[in-house]
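In what follows, a structure is listed as structure tokens, so that the remarks can point back to it.
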Amino acid sequence: MKSILQAIKEAFATAINAMLPEGVERPVPQIIETAEKKFGDYQSNIAMGLARLIKKPPREIAQDLVNRLKLSDVCEKIETAGPGFINLFIKTESLERFLKTIQADPRLGVTVDPEIVHHVIDFSSPNLAKEMHVGHLRTTVTGEVISRIIEFKGHTVERVNHVGDWGTQFGMLLQNIFENHPDVIDAPQNFVVSDLEKFYKEAKQRFDNDAAFAEKARDKVVLLQSRDATALKIWRAFVNESLRHCHALYKIMGVTLKDVGESFYNDRLPLIVEELKNKGLAVTDQGAVCVFLDGYKNRDGEPLPMIIKKSDGGYNYTTTDLAAIRHRILDLGARRLIYITDIRQAQHFEMFFKLARIIGWAGHDVTLNHIGYGMVLGPDKKPFKTREGGTVRLKDLIHEGIERSRALMLEGNADTENTRVRSFSAEKILDIATKVGLAAIKYSDLCHNLASDYVFSWDKMLAMDGNTGPYMLYAYTRIMGIGRKAGININHTPLDTPLVLAHPTEIALAKEIARFSDVIDDVAITLKPNTLTDYLYGLAKAFSSFYDKKQGVPVLDSQPESTRQSRLLLCCLTARTLKLGLNLLSIDVVEEM
RNA sequence: GCGCUCAUAGCUCAGUGGAUCAGAGCAUCUGGCUUCGAACCAGAGGGUCGGGAGUUCAAAUCUCUCUGGGCGCGCCA
């Protein structure tokens with residue numbers, strides 16, 4: 001089913017096609033929302049661009065274009081204005097028609113892409129033997145959301161947790177265990193993630209300050225590589241314990257991931273180096289096997305290498321990433337790969353993508369995306385830390401969010417004027433507080449532009465007003481409250497329910513609901529979740545105006561019955577859109593709060 | 001030194017392949033509940049979009065330059 005915007009775009013494309021001579025490339029009709037209502041709902045500025053292709057004044061072209069548009073079903077009127085703007089006013093009946101169509105559609109008008117593309121989305125990917133911390137929040141939440149949206153558009157998605165389960169940090173850990181914690185050797189499975197964290201910190205400290213220790217630590221990587229039984233036993237226990245810890249958090253967060261750690265590629269690494277050598281792309285430099293790409297320089301202006309085999313014979317992340325991308329494209333059949341990491345790794349991905357293309361693994365039919373996100377900052381605009389200056393553990397962050405949200409509910413509980421919360425049981429409060437707390441954390445992360453750093457603030461994210469997770473859930477529960485009173489199921493409204501849009505707030509709300517599929521299509525391409533949060537916030541605002549006693553219209557109390565049903569239907573469509581939109585954002589709604 | 005990135009209202013942030021693009025929330029002020037969920041709504045004030053130059057009919061958006069942050073730059077990921 002076509003959205004109103006799609007119908008307009010197609011009509012423009014057809015008209016433009018007829019206006020241009022053969023052989024001239026057709027410009028994409030850019031239809032955008034107008035900034036001001038008096039200029040209509042949508043506008044096109046294409047006439048100014050066409051003026052260069054057709055040697056006529058833009059205003060004349062605009063009028064010619066308008067005359068050719070076959071949009072009488074969709075638009076009330078189409079005007080030309082200014083230097084050649086085309087302003088389109090949507091016909092209320094076409095809105096009513098479209099909303100009635102999506103009423104019957106569980107997907108609310110979101111179409112499935114005609115061509116299914118197999119995706120591998122790489123996100124979260126923590127280093128093991130350490131607890132997950134606030135730095136893993138954005139990649140994990142964003143990755144889950146992007147996966148959900150792309151899946152919703154009908155594509156197949158493998159969500160891959162490329163965990164750091166090999167390499168230097170395990171060498172460090174092993175060396176530290178052998179030297180300082182021999183008790184671990186016999187029963188490594190008895191230690192929990194906080195122990196591992198402690199071992200790691202000790203090891204890291206020594207690794208950075210003690211060259212002899214670092215040397216031995218590197219030897220332990222080789223030991224591991226050679227399948228030494230003791231080393232493997234400790235390694236396996238530590239990996240299992242770390243993954244158990246990660247998945248406990250993923251479960252709370254509603255995140256699904258398949259673990260395919262770096263160790264998975266071990267056997268392939270020598271083959272990768274061989275392949276690069278054979279193709280003449282790798283050379284040995286200062287004892288290390290390197291690939292030099294044009295255009296990259298180091299501090300001293302020398303060519304910057306990608307090291308694929310270290311001088312001590314070990315491999316590092318570039319080689320593993322290469323093995324992984326080769327596997328994903330050639331073995332798993334991925335045609336689009338998305339990596340979600342912090343922006344500091346941008347140059348690595350740029351080089352590594354370039355190399356994947358040069359080798360020929362990633363052909364023209366493969367899309368490679370690196371989504372780099374900014375840092376989560378504390379109030380001092382420095383990376384977010386605990387008061388003591390330590391790293392904020394993800395587990396603590398989540399629990400604090402839930403706890404704060406519960407405290408806010410209990411506060412409401414003590415409010416004698418608020419009869420609703422008071423009737424909740426302790427279990428109910430905990431359940432709601434958990435969902436609200438998680439919604440607050442996730443939403444505050446998702447509503448910012450990915451590329452920018454943002455300042456973390458409990459008070460802001462838990463605020464019930466403004467563009468926050470709790471506000472969105474509140475907006476949803478309000479509608480659920482209306483539905484309960486009316487005795488209706490939002491998902492099963494009778495298809496013969498009348499829909500008549502008359503009041504300005506009804507029309508404004510209907511227009512927002514109608515945009516949903518366009519927004520999802522946009523996010524599926526741009527991979528910017530904050531576009532979706534902005535939309536949902538606007539939808540919730542439109543609903544509040546519609547439902548306002550002064551500005552809006554009565555719903556439950558309205559007469560005649562057909563009007564009441566029509567308005568209830570608008571409530572249902574709003575609620576369904578909020579719920580579906582929030583679910584795509586990995587946020588669970590609550591029925592009341 | 002080279003490269004990338006950011007600078008928008010008092011604060012936190014959207015918008016950034018042009019026009020009808022100066023926006024939202026918070027904070028401040030004004031108005032609206034004898035309960036259709038006011039955890040809300042309506043409105044006001046507040047910014048020469050870091051400075052400068054250029055391209056264009058049109059620049060917060062593109063180019064150049066300057067200033068000031070952040071980050072990356074050979075055996076970490």
Side-chain angles (χ1 to χ4, degrees), chain A residues 30 32 34-36 38-40 43 45 48-49 51 58 81-85 87 125 127 162 164 167-169 207 218 262 285-290 295-312 314-318 320-321 341-348 350 372 374-375 377 381-382 408 412 417-421 444 447-449 451-455 457 459-460 463-468 470-471 473-475 477-482 484-486 530-531 533-534 537-538 541 544-552 554-558 567 571 592-593:
Chain A
Q30 286 178 9
I32 57 175
T34 54
E36 285 187 62
K38 63 177 173 178
F39 299 124
Q43 64 167 309
N45 304 331
M48 274 78 78
F85 306 125
N87 296 331
S125 306
N127 262 336
H162 188 76
T168 313
Q169 89 258 24
F207 187 83
R218 291 200 185 90
E262 294 177 337
D285 188 276
Q286 295 173 31
V289 182
C290 305
Y296 297 93
K297 294 193 187 333
N298 68 12
R299 264 175 240 269
D300 305 319
E302 305 292 321
L304 179 68
M306 299 177 78
I307 293 170
I308 56 171
K309 187 174 185 182
K310 298 192 282 185
S311 51
D312 68 1
Y315 302 94
N316 56 18
Y317 60 93
T318 302
T320 310
D321 278 341
T341 78
D342 81 81
I343 195 115
R344 286 176 295 188
Q345 295 184 39
Q347 192 186 40
H348 163 67
E350 193 185 308
M375 282 187 294
L377 306 176
K381 306 260 185 152
K382 300 230 168 96
L408 284 174
E417 287 179 23
N418 188 339
T419 54
R420 205 165 16 259
V421 176
S444 80
C447 76
H448 292 100
N449 186 320
S452 29
D453 299 341
Y454 77 92
V455 175
S457 159
D459 291 339
K460 285 213 167 79
M464 300 294 168
D465 41 17
N467 191 9
T468 68
Y471 173 86
L473 293 186
Y474 169 69
T477 59
R478 277 173 95 189
I479 306 176
M480 288 299 98
I482 298 164
R484 275 192 296 274
K485 269 197 180 152
N530 70 309
T531 311
T533 61
D534 285 352
Y537 182 58
K541 296 275 282 184
S544 280
S545 298
F546 157 80
Y547 195 62
D548 188 70
K549 291 181 192 67
K550 265 275 165 45
Q551 310 299 325
V555 175
L556 287 167
D557 302 337
S558 61
R567 289 175 181 166
C571 291
E592 43 189 340
M593 64 189 272

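Numbers restart at 1 for each chain; the letters A, B, ... are given by sequence-line order, proteins then strands. What you see is a predicted model, and the numbers here were worked out from it, not measured in a lab.
For a distance-only test at 3.5 Å, the side chain of A/Tyr474 fails to qualify as a donor-acceptor partner of the base of B/A39. No hydrogens or angles were tested; on distance alone, a donor-acceptor pair under 3.5 Å links the side chain of A/Asp285 to the base of B/G74.
Distance from the side chain of A/Lys541 is smallest for B/A42 among the nucleotides B/A42, B/U20, B/G72. The side chain of A/Ala81 approaches B/U20 more closely than any other nucleotide in the set B/U20, B/U12, B/C75. Considering only side-chain atoms of A/Gln347, the nucleotide from B/G1, B/G72, B/A19 that sits closest is B/G72. Comparing B/A19, B/C13, B/C73 by their closest approach to the side chain of A/Phe85 singles out B/A19. Which of B/A14, B/C36, B/A77 sits closest to the side chain of A/Tyr547 comes down to B/C36. Of the candidates B/C41, B/C75, B/G37, the closest approach to any side-chain atom of A/Asp548 belongs to B/C41. Distances were taken from every side-chain heavy atom of A/Met375 (C-beta onward) to each of B/C36, B/G70, B/A77; the shortest belongs to B/G70. Considering only side-chain atoms of A/Gln345, the nucleotide from B/C41, B/A77, B/G74 that sits closest is B/A77. When the nucleotides B/C71, B/G37, B/C75 are ranked by their closest atom to the side chain of A/Ile482, B/G37 comes out on top. In this structure, the nucleotide among B/C41, B/U12, B/G37 sitting nearest to the side chain of A/His448 is B/U12.
Residue A/Gly301 is classed as having no contact, given no heavy-atom separation below 4.0 Å to the nucleic acid. Residue contacts shown for A/Arg344 are limited to sugar-phosphate atoms, with no base heavy atom under 4.0 Å away. Nucleic acid contact for A/Asn298: base, since at least one base atom lies under 4.0 Å from a heavy atom of the residue. Residue contacts shown for A/Val555 include a base, since a base heavy atom lies under 4.0 Å away. Heavy atoms of A/Thr477 sit under 4.0 angstrom from at least one base atom. Using a 4.0 Å heavy-atom distance criterion, A/Cys447 is classed as making no nucleic acid contact. When heavy atoms are screened at a 4.0 angstrom cut-off, A/Asn316 is found touching the sugar-phosphate backbone but no base atom. Within the nucleic acid shown, A/Ser311 comes within 4.0 Å of at least one base atom, counting heavy atoms only. Among the protein residues, A/Ala346 comes within range of no part of the nucleic acid, since none of its heavy atoms lies under 4.0 Å from any strand. The residue A/Gln169 sits apart from the nucleic acid: no heavy atom pair falls under 4.0 Å. Using a 4.0 Å heavy-atom criterion, one finds that A/Asn530 contacts the sugar-phosphate atoms exclusively. Using a 4.0 Å heavy-atom distance criterion, A/Met306 is classed as making no nucleic acid contact. At a threshold of 4.0 angstrom between heavy atoms, the contacts of A/Asn87 include nucleobase atoms, whether or not backbone atoms are also involved. As judged by a 4.0 angstrom heavy-atom cut-off over every strand, A/Lys381 is placed among residues touching the sugar-phosphate backbone only.
Distances shown here put every side-chain N or O of A/Tyr454 at or beyond 4.0 Å from the OP1 or OP2 atom of B/C6. OP1 or OP2 of B/G25 has not a single side-chain nitrogen or oxygen of A/Thr468 nearer than 4.0 Å. Put simply, A/Ser545 has no side-chain N or O that comes within less than 4.0 Å of OP1 or OP2 on B/C41. Put simply, A/Lys549 has a side-chain N or O that comes within less than 4.0 Å of OP1 or OP2 on B/C36. Within the 4.0 Å cut-off from OP1 or OP2 of B/C75, not a single side-chain nitrogen or oxygen of A/Arg218 is found. Residue A/Lys485 places at least one side-chain N or O closer than 4.0 Å to OP1 or OP2 of B/G37. Listed pair A/Asn449 / B/G15 meets the phosphate criterion, a side-chain N or O lying under 4.0 Å from OP1 or OP2.
With a 3.5 Å ceiling on both atom-pair distances, the Watson-Crick or G-U wobble partner of B/G72 is B/C2. With a cut-off of 3.5 Å on both Watson-Crick or G-U wobble distances, the partner of B/C11 is given as B/G25.
Residue A/Arg299 contributes atom CZ, which lies 10 Å from atom P of B/G72 at whole-angstrom precision. One can place NZ of A/Lys297 at 13 Å from P of B/C4, the figure rounded to the nearest angstrom.
Comparing B/A60 with B/G17, their C1' atoms sit 14 Å apart, to the nearest whole Å. B/U16 and B/U5 are spaced 14 Å apart, taking the C1' atom of each and rounding to whole Å. Comparing the P positions of B/C26 and B/A22 gives a spacing of 24 Å, expressed to the nearest Å. Using atom C1' as the reference point in both B/U61 and B/U8, the two lie 12 Å apart (nearest Å). Rounded to whole Å, the C1' atom of B/A24 lies 14 Å from the corresponding atom of B/G46.
Using bins of under 30°, 30° to 60° and over 60° for the plane-to-plane angle, the ring pair A/His448/A/Tyr454 lands in the parallel bin.
In this structure, CD1 in A/Ile482 is found 3.5 Å from OH in A/Tyr547, a value given to the nearest 0.5 Å.
Nearest-nucleotide positions on RNA chain B for A/Arg478 and A/Tyr315 put A/Arg478 closer to the 5' end. Ranked by how close their nearest RNA chain B nucleotide is to the 5' end, A/Asp557 and A/Gln30 are led by A/Gln30.
For the pair A/Ile32 and A/Asn45, the minimum side-chain heavy-atom distance is below 4.5 Å.
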I would like to know whether A/Lys310 and A/Thr168 meet side-chain contact (heavy atoms from CB on, under 4.5 Å); could you show each step before the answer?
CA-CA 12 Å; A/Lys310 298 192 282 185; A/Thr168 313; 4.0 Å; yes
